[in-house]
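This report concerns only the one structure given below.
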Number of protein chains: 2
Amino acid sequence: MASQQFEPPSGTRDFLTDVLRARERVFAQIREVFERYGFEPLQTPAFERLETLTGKYGDEGDKLIFKILRRGEHEATGEADLALRYDMTVPLARVVAGYGSRLPTPYKRYAMGPVWRADRPGRGRFREFAQCDVDVVGSASPLADAEVVCALTDALDAVGVPGYRVLVNSRRALSGLLEVYGVPAELGGGVLITLDKLDKLPPEKVAAELVDARFLAPDIAEALVTDLTAPDAVERMRTVLKDSEAGRAGLEEIGRLLDLAAPKVGRDRIAFTPSLVRGLDYYTGVIFEVVAEGMPGSIASGGRYDGLISALGGPDVPACGGSLGVERITGLLGDDAGDVHRIDVAVTVIAEDTASDVMGYAARLRDAGLRTEVYLAASRKLAKQLKWAADRKARYALIYGASDKEAGVVTVRDMDTGEQAQVPTAELAAHLTGRCAPSR
Amino acid sequence: MASQQFEPPSGTRDFLTDVLRARERVFAQIREVFERYGFEPLQTPAFERLETLTGKYGDEGDKLIFKILRRGEHEATGEADLALRYDMTVPLARVVAGYGSRLPTPYKRYAMGPVWRADRPGRGRFREFAQCDVDVVGSASPLADAEVVCALTDALDAVGVPGYRVLVNSRRALSGLLEVYGVPAELGGGVLITLDKLDKLPPEKVAAELVDARFLAPDIAEALVTDLTAPDAVERMRTVLKDSEAGRAGLEEIGRLLDLAAPKVGRDRIAFTPSLVRGLDYYTGVIFEVVAEGMPGSIASGGRYDGLISALGGPDVPACGGSLGVERITGLLGDDAGDVHRIDVAVTVIAEDTASDVMGYAARLRDAGLRTEVYLAASRKLAKQLKWAADRKARYALIYGASDKEAGVVTVRDMDTGEQAQVPTAELAAHLTGRCAPSR
């Protein structure tokens, strides 16, 4: 039998002890921050009706949806009626539409969990991966945008992501940019997609792509790229965007977000970034990305998307939100050392007729909150069981032989030093909670 | 548009704030107990390769598997290549087979998460529901069975499930039962399925079904049902089972489990129950179910299944385990009152030019660990914002008007009493953490 049959399906992962604990800790830290901001948790099913998802992610996105075959007599049709969750936003729109006024206004919700996309698996790209989203539905206030940015960056701080920066722009500012540089309206979308590559490609390559692939006049391409990559690009943009109504509106909303968020985020960590585009069409106001030193791509992103909830079938309400790239963040942090979750006490069983007694000691220690394991293999040899205790990284081992039983004591072995002490059975739990406490 | 389009798919649920928090609390309590027993977490993907699952759950089970359509050019074939997780045991077998000696021996793992079954949805029966499993792979020791029973009942205690009892039996004892009553071997399986109904149907109905549907001789059916429902059924069984080798082995393993688990579980809460059957074929040793007063069916169950891991494609290792019926448990406990998660501080925004200041106060309070929300709607009227604070069940509201700003203070309103105090801005966080602390 090929061993591949025991691998998880392509693009998915089994999470075992230490890695899973490190992930869970990250999720718990993020959740704690989101709760502190008053976001409320929402958990929707792993699958939605197929028609809820199709057409919401563009043609390319539709191809990446995992579809679930109809069941029973309908299975033979080869048709699908359900599909795995592709993101957290479409289910949010469904819930907002379905619950309406039963939700608080605005509805501030967070969602954390897996989504599934049939992407080609690759380094750091998975078919099952976690998303952590915060969204504010029903508020047009710039305070809402600022709250989203602060909650996400606060979460990055809580998790311990070092050296990140928040790049801020606005769809209106980008519209103004296209306008003042004289980019024909029908070329705008493609031009923005290419400009988005300025953080990855040399300026001359981007200028060439604007001309060759986006059919932009060479002088306009040249001017755009030169101004956006100039050392004083921000000042140039602040000046030229004033010539456009959209540009002025964009500068104003960017300024408001910076005013409100910068004191918390740190003035040196958040800045207007005129070349930031964000691929998704649905943004209508401010947009942002969080980048970290030495990391390609972004570790968080989001923006205002006032039309999306209604486009997804919900009511016409303003909304903004953002998402943490958890897989990238956990990748930055490395695995758990395992030390946090050491076993406190390993209980040996060296004689069959003491099994009931040692189960009783284990129960007392667990009731006292100590992580306690009982030896479950067949050997009754102490040396073998102490090796097991060492393998399990136990702090202490309990030994309970005939002489211990006679004397009414249990032998407690410090697994780090090898020192042994005989402890009266009645004092066992107090003794060990006392010794385990300082290191916990 | 029909509003049904906004419902979650049939048999699934959206979990909103309070219900979700109550569920998460139950999961956290269960996890804490499993960790205390030294079980290690395992999380496998939501889907497995289809061939990993098919044929593992019997014909009826196979029909309930959610299958995922192949993608891209293969989608048109109407074939499936992946399937949603149906339980936690088959993925465990795959992991044990794949990781082999890289896992601890024995491998004590817990798994908590959703599984999916295309059952007809009904009251308390869902297509997406949670399972919480503990299993010990690689130990034939009765201590392992006892650890599983103790971990599950300890978890029920932690969650606060009242008045439960643990019913214990053994597949060997059941084999012995069939043998000593002279049930023909080929009728054994069907007879056990019918005997399992003794807790739901009157004895005469069970006897009739044994004759009519299971083709058992009337005198044997009569004797079996009479003895199993007698007030002294346990004593009768302890006597008659001694006449069979399987029966004696069964009594012995039941006795060992009771010896080891009863001191922890409570002697009045765990008992040999000769009529307990458990539907699943794969059990080989002790079996158990936990039932609670006024609850139909079981809230936890499990047993020893020494042949299953190899039958599922893994190595030939002994194993035992059990599962908590989380949906039933959360049903027993009711929803969260919501009070635990009150907002500590609701921050009003009564003048646009103070928005930056109040964001700063909110940041300080959050940094101090207080759950803090900022008013995000458009109104600048204080009365409306105080109503919002009351709706959000905030303990305190912050008010920061022109006169407050001039005086260098923030007005703190106790939302329960309506009393207001003016607090110097520099002391705000200390003031409010002090006042919120006692009630947290």
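Order of the sequence lines sets the chain letters (A, B, ...), proteins ahead of strands, with each chain counted from 1. These numbers were taken from a predicted model, which means no experiment stands behind them.
Both the backbone and the side chain of B:Ala146 have a heavy atom closer than 4.5 Å to some heavy atom of chain A. Heavy atoms of B:Leu84 lying under 4.5 Å from chain A belong exclusively to its side chain. Only the side chain of B:Leu103 comes within contact range of chain A, judged by heavy atoms closer than 4.5 Å. Residue contact with chain A, scored on non-hydrogen atoms closer than 4.5 Å, is absent for B:Phe126. Looking at B:Ala144, both its backbone and its side chain come within 4.5 Å of chain A, counting heavy atoms on both sides. Proximity to chain A is limited to the backbone of B:Thr105, based on heavy atoms less than 4.5 angstrom apart. Residue contact with chain A, scored on non-hydrogen atoms closer than 4.5 Å, is absent for B:Val96. For a residue to count as touching a neighbouring chain, one of its non-hydrogen atoms must lie under 4.5 Å from one of that chain's; by this rule A:Tyr107 touches chain B with the side chain only. Only the side chain of A:Asp154 has a heavy atom closer than 4.5 Å to any heavy atom of chain B. Using a 4.5 Å cut-off between heavy atoms, B:Glu24 touches chain A through its side chain atoms alone. Only the backbone of B:Tyr375 comes within contact range of chain A, with at least one heavy atom under 4.5 Å from a heavy atom of that chain. Of the atoms belonging to B:Pro106, it is side-chain heavy atoms, and not backbone ones, that fall under 4.5 Å from chain A. Proximity to chain B involves both the backbone and the side chain of A:Val374, based on heavy atoms less than 4.5 angstrom apart. Residue contact with chain A, scored on non-hydrogen atoms closer than 4.5 Å, involves the backbone and the side chain of B:Asp259 alike. No part of B:Asp157 comes within reach of chain A, as not one of its non-hydrogen atoms sits under 4.5 angstrom from that chain. Neither the backbone nor the side chain of B:Val33 comes within less than 4.5 Å of any heavy atom of chain A.
Under a 3.5 Å cut-off, the side chain of A:Ser139 and the backbone N or O of B:Leu376 do form a donor-acceptor pair.
Of all the listed residues (A:Glu128, A:Arg71, A:Arg49), the one sharing the greatest number of non-hydrogen pairs under 4.5 Å with chain B is A:Arg49. Heavy-atom pairs under 4.5 Å with chain B were tallied for A:Arg94, A:Glu40, A:Gln43, A:Glu373; the largest tally goes to A:Arg94. Most heavy-atom pairs under 4.5 Å with chain B, from the set A:Ala76, A:Ala46, A:Ala83: that is A:Ala46. Options A:Pro318, A:Ala355, A:Ser10, A:Pro41 differ in how many heavy-atom pairs under 4.5 Å they form with chain B, and the most are formed by A:Pro41. Chosen from B:Thr44, B:Asp357, B:Val358, B:Leu260, the residue pairing most often with chain A at heavy-atom distances under 4.5 Å is B:Leu260. Between chain A and the residues B:Arg23, B:Arg13, B:Glu51, the most heavy-atom pairs under 4.5 angstrom are made by B:Arg13. Of the listed residues (A:Thr12, A:Asp14, A:Ile65), the one with the most heavy-atom contacts under 4.5 Å to chain B is A:Asp14. Ranked by heavy-atom pairs under 4.5 Å with chain A, the first of B:Tyr37, B:Trp116, B:Phe39, B:Phe66 is B:Tyr37. Note: B:Ala97 leads B:Gly314, B:Ala97, B:Ala363, B:Ala93 in heavy-atom pairs under 4.5 Å with chain A.
Note on A:Glu352 versus B:Arg256: no salt bridge recorded, every NZ/NE/NH1/NH2 to OD/OE distance being 4.0 Å or above.
Interatomic distance, A:Glu7 CD to B:Tyr99 OH, rounded to the nearest 0.5 Å: 7.5 Å. In this structure, CZ in B:Arg366 is found 12.5 Å from CD in A:Glu35, a value given to the nearest 0.5 Å.
Counting heavy atoms from C-beta outward, B:Arg392 and A:Lys108 have side chains that stay 4.5 Å or more apart. A heavy-atom distance below 4.5 Å is not found between the side chains of A:Met359 and B:Pro263. Side-chain contact check for B:Asp367 versus A:Lys264: some heavy-atom pair is nearer than 4.5 Å.
With A:Pro9 as the fixed residue, the side-chain contact (heavy atoms from CB on, under 4.5 Å) test singles out one of B:Leu82, B:Thr52, B:Ile68: B:Leu82.
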